Enquirer: 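Here you go, one structure.
Predicted, not measured: the structure shown is a model, and the values here were computed from it. Lettering of chains follows the sequences in order, A, B, ..., and the numbering in each one begins at 1.
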Amino acid sequence: MINYRAFLFFLIICSLIMISSCNADRPKPDITVPEPEEEISLRHVNYYIDNSGGMFGYVSEFNNYISTVSELAQKPDFITSGVSKQFNFINGFDQIVITDIGTSARYFTSKLNPTDFNVGNIQGNDLNKMFQIALENTSSDTLTIFITDAIYDIQQKDDPLNSLIVESRETRRQFISRLNSGDDFQTLFIKVSSNFSGRYYFGRKFGQEAIDMPRPFYIFVFGHSDIVNSYFSDSYFDRLDGYENHFRYFKTGEMEIPYAVASHNQMGDFRFVRNDRKRVTNATTDRRNNFQIGLAVDFSSLPLSSDYLTDLDNYTISPSFEIAELEPYNSSMFLGISDFEPSHVFTLRSQRPHGSQNMKLMNNSPLWISESHTDDDSEIQNQPDKTWGIQYLIAGIEDAYKHMSKRNYIVNMEIFIE
Amino acid sequence: MANRLFLFCIGGTGARVAKSLAMLLASGCRLGSSFDTVVPILIDPDSENGDLNRTKEILRLYQQVRKRVNKPNDFFFHEMKSLHELADTEAQNTGHFTFTLDDTLTNTFKEFIGFNELSEIDKSFFRLLYSGNNLNSDLNIGFKGNPNMGSIVLDQFTQSEDFKNFARVFSSGDSIFIVSSIFGGTGAAGFPLLLKTLRSDNDDIDGTALLNNAIVGSLVMLPYFKVGDSDNSEIDSKSFEEKAKTAIRYYNNTLINQHKLECIYLLGYKGAPTVYENHEGQMLQKNDAHLLEFIGAISILDYTRKINELDLGVTKIKEFGLQRETSEVRFKDLDTSTVQCVYTHLVKYRLFTSYLQRGLNRSVGKSRWSVNSVLNLKKTKLTDDFFNSAAYKNYIESFSKLFDEWTTELDRNRPSFSPFKSMQEIANSLDFLADKEIKKTTDAFKQIDKCNNNFIGQLDSESEYSQLLKLFSKSTEAVLIKNKLMSI
Amino acid sequence: MDLYEGLFGIGVARYQLIFDHALYYSNGYVHLGLIFILTPLLFTALFYFVYTYPYSKYWYWLIALAVCAVLVFAITYQHTLNLIFTNTHPELRAAISDPSTGYRNFASQLVMQLSIINIFLSIGLFAIYSLVFKQFSKSQGHLPI
């Protein structure tokens, strides 16, 4: 005889368990899609071409300079976007002279010759004042392109290095002032090489020298990061004849990128923590006391070149860890990360892995900048790729950005190993 | 407080009727609702009488079982007490259901009456009334069918301590029933004497007034068996009918017409096919249980159930008849009210005793109802230990065997009462009723065990005897209902 | 989930796709839990309340336990096999299809591990349910002890 009460009790328990488990599949973690910001669109581009005396050698014949400047003046997507343009020559020292070249790219391009260059005050170029003008004329819907040889024109040559420092600080001040306005502001800095046939005016000392050799010139693009990244993506630069390198400066602020630990090139053992892919538990080293763990990151939102991102010198990491490898992500790694699509995967190694570990992508100026610098341009014939004082100029910009970013790194990736 | 039935059982027949009554009460048959206790009083000078001793043993066992059961609701429902217990006197011997008769153990009749001290004239007078055998007869083997002897010896009732105790403990509402045979010696003499004593005014005895106004019933057994011829015995069953006629005439003129009692049951079997061995008394006088003794026991139940229909000073006479003439009586041959009175109880109890004999070994210590688990809250007391205990074997098991013996004797006798198949005939545990066909595959014992498992939890606070009897009362009933055997 | 991956330590980061997509996000762990919770519940309920044979011995209970364990093993094995090898997540499917990843071998081993874990869990629960149900059982309340 069945004990009906007990059997009924059993059926009720079963039903409750079944009902409580009846839910849809667990929601997979969302790929966080940030709310689209208000779309920024480009309306206008200002061009400032340094036409001081030291620049004449670039326009004496058809070369990369003219090709590149023409390309920039007639940039296809400027045309398709229907943006308006304003071309200017800019020079001068005590007083900056801006010569309006009009709005026609074709007309402007036709002015790239020594005769038409010879307007304004070609005796000097106060870069900082030029920066000021360029910076002031940049806004969220306006790009400014400033093309120059980026050689500080210091009047006092008895202590050139000190003068460079002074100039650098002024550059810093200009940029801080602009960045302080609060809006997003990126400085894209492009190094291009072109043949220079003309008079080279020394930076370190008085005097000049006639040269006919490749010389770098620099394109500064100022504007909202979204617009700069959009119109000047990394893939664009190959279209610039003589392009060598570039770097971007931007306010890092609260910049964050998605990242997660992964089982890649794993050594030792650990377990993931569900719903927190920045944490692992039960971590143990292998028999050789090695521990290796993968860190998948998505750098796609960072306006940095692949070279910068893959340069391990641009990273700092907790003392107990080292970066064993950095590779681009591919799907055959089977990392099991569904929150985001990684762009790169780090392999981190340690023998004492436990605890909170940090890896930072630092906000460093790239090596090529320091490699492009020279303190002494006396033997300029032997320095076709160097620019006097460029390091100090860039340092001024860099310092300004670091100051306004309140931190010296771009992103910080923190993981927890228990 | 419920009433008591004082049951006087006189002679061998009285003892045998008392035995049948004990069996009926053990199976759960009920007296009238106003009665809860039976007080059997056995009167027989033949203290070694086989039937008397068997009955005393059965009554003793009944008592032993009954006092271990708390508020029974079926088997062993009624209490059974001895007069000595009620009167709070010391019962020195085990035969404490008997009325003590003085001077009967070692005396002859001659010595009892003081024959030698009589004058010659008185001696001559006695010689007219009593034969030499009568005078020299040993009283400790009874009166050998001579009521004239019994009437002298049993007259000591009035003065006996036992009777005084009886009168003292008798209460208003209690009732009296007297069982005797009319054709023997002890019963024939004792019945009228006892009745006379009950109805006499005797200021020396406390409670006489209550006795005078008590409802009294009786069962008078007319000849229902014979004894074989024997040179060693004075008992001659050819005289039974004549003695019975004489006694009936006397009863009619005195007891009945004078309304000395309120109800008289007359039972007999004309032609009396049963022939017993002829033993004058003592332990050899041990007759098989008889249908009429069984019916006699039922008449006691009938008396108590219909006691409210009796009026003091008005005598009702009752007889019994079968539905059909047969020498193998079954339940269906009894009338409806009789069957209703006893059928279910006897069938259940028979299944119970059958189970104890043949089904117990399979389940003791194995089935849930007989095993105490370490972690269970409810406990059974019906474990291996209980069934192996001396108390179980001496009381329950013994009584069950006596019950089976009783049913066997009833079946063996003529006319027989044969509602049950013998234990040896039973192949199928449920196939114990003579009138029913049962499917061979039915395992009643297993069904009982299942029912026991279901019911044991309801009885965990009871003592072991209570658990046993109440449990099997429920389970046997459940099994019989399930197999549609609860009615004829 | 923590029962299997944590307590029994079967979670292996190297093959996280299986644990995430086949077991966690598709409620596989819930299914495994229901198997080891409900199967012994059903068996003990049947044993204590439906099975009324009055002469059962302790080893009848052991048989019920063994049958339950075998059934739990079989159900867990088959179900886990389905969860992993018929999962539609593309990355998991690709990983299993590619023998060089080791996913296939690991998955086969994992199925067996989970089945064995579930056996022990079901045995434990079988014992607990037995202790509770025996209090209310009329026929088998004396089993197993």
Side-chain angles (χ1 to χ4, degrees), chain A residues 1-29 260-275 277 279-284 291-294 296 330-339 341 417-418, chain C residues 1-2 5-6 9-34 37-39 41-46 48-52 54 89-98 100-103 129 132-141:
Chain A
M1 196 180 296
I2 300 170
N3 182 333
Y4 286 108
R5 278 188 300 171
F7 201 61
L8 187 62
F9 166 75
F10 148 73
L11 282 178
I12 291 170
I13 295 295
C14 277
S15 306
L16 286 173
I17 292 172
M18 300 290 274
I19 289 166
S20 67
S21 71
C22 280
N23 51 5
D25 277 356
R26 291 172 194 276
K28 294 178 177 48
V261 289
S263 171
H264 178 66
N265 294 335
Q266 183 179 330
M267 286 188 193
D269 228 342
F270 56 86
R271 214 166 54 82
F272 291 116
V273 175
R274 191 84 63 202
N275 298 325
R277 284 297 290 267
R279 184 184 293 272
V280 297
T281 61
N282 300 104
T284 54
F291 182 83
Q292 222 165 255
I293 189 170
N330 69 76
S331 59
S332 65
M333 289 177 175
F334 298 115
L335 301 182
I337 294 170
S338 46
D339 297 12
E341 178 81 12
I417 300 178
E418 294 167 10
Chain C
M1 172 213 74
D2 274 343
E5 293 185 19
I10 61 164
V12 176
R14 218 170 246 124
Y15 303 102
Q16 194 62 24
L17 284 172
I18 294 178
F19 296 101
D20 281 350
H21 300 289
L23 294 176
Y24 185 78
Y25 292 118
S26 59
N27 279 331
Y29 285 126
V30 174
H31 299 166
L32 296 182
L34 287 176
I37 288 171
L38 292 184
T39 309
L41 186 67
L42 178 70
F43 265 78
T44 48
L46 288 171
Y48 282 105
F49 301 120
V50 176
Y51 180 60
T52 57
H89 191 269
E91 201 176 352
L92 176 59
R93 288 181 73 86
I96 290 174
S97 306
D98 184 352
S100 65
T101 62
Y103 262 77
Y129 293 144
V132 174
F133 286 164
K134 76 198 296 290
Q135 303 299 328
F136 305 100
S137 173
K138 293 188 174 180
S139 301
Q140 318 300 344

Enquirer: With a 4.5 angstrom heavy-atom cut-off, which part of Ile337(A) approaches chain C: side chain, backbone, both or neither?
Expert: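 The backbone, not the side chain.
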Enquirer: Quick check for you: to the nearest 0.5 Å, what is the distance between Arg277(A) atom CZ and Gln16(C) atom CD?
Expert: 5.5 Å
Enquirer: Kindly compute the distance separating CZ (Phe270(A)) from CZ (Arg14(C)), expressed to the nearest 0.5 Å.
Expert: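 Phe270(A) atom CZ to Arg14(C) atom CZ measures 8.0 Å (nearest 0.5 Å).
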Enquirer: Going from OG on Ser338(A) to NE2 on His21(C), what distance comes out if it is rounded to the nearest 0.5 angstrom?
Expert: 5.0 Å
Enquirer: Can you check whether Phe334(A) reaches Asp98(C) side chain to side chain, under 4.5 Å on heavy atoms?
Expert: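 Contact flag for Phe334(A)/Asp98(C) side chains = yes.
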Enquirer: Kindly compute the distance separating OH (Tyr15(C)) from CD (Gln266(A)), expressed to the nearest 0.5 Å.
Expert: 9.0 Å
Enquirer: Mind listing the closest non-hydrogen atom pair of Ala13(C) and Ser263(A) along with its distance?
Expert: O-CB, 3.2 Å
Enquirer: Could you have a look at Ala262(A), Gly294(A), Ser332(A), Gly336(A) and say which one has the most heavy-atom pairs with chain C under 4.5 angstrom?
Expert: Gly336(A)
Enquirer: Need one label for Phe19(C): side chain, backbone, both or neither, based on atoms under 4.5 Å from any heavy atom in chain A.
Expert: both
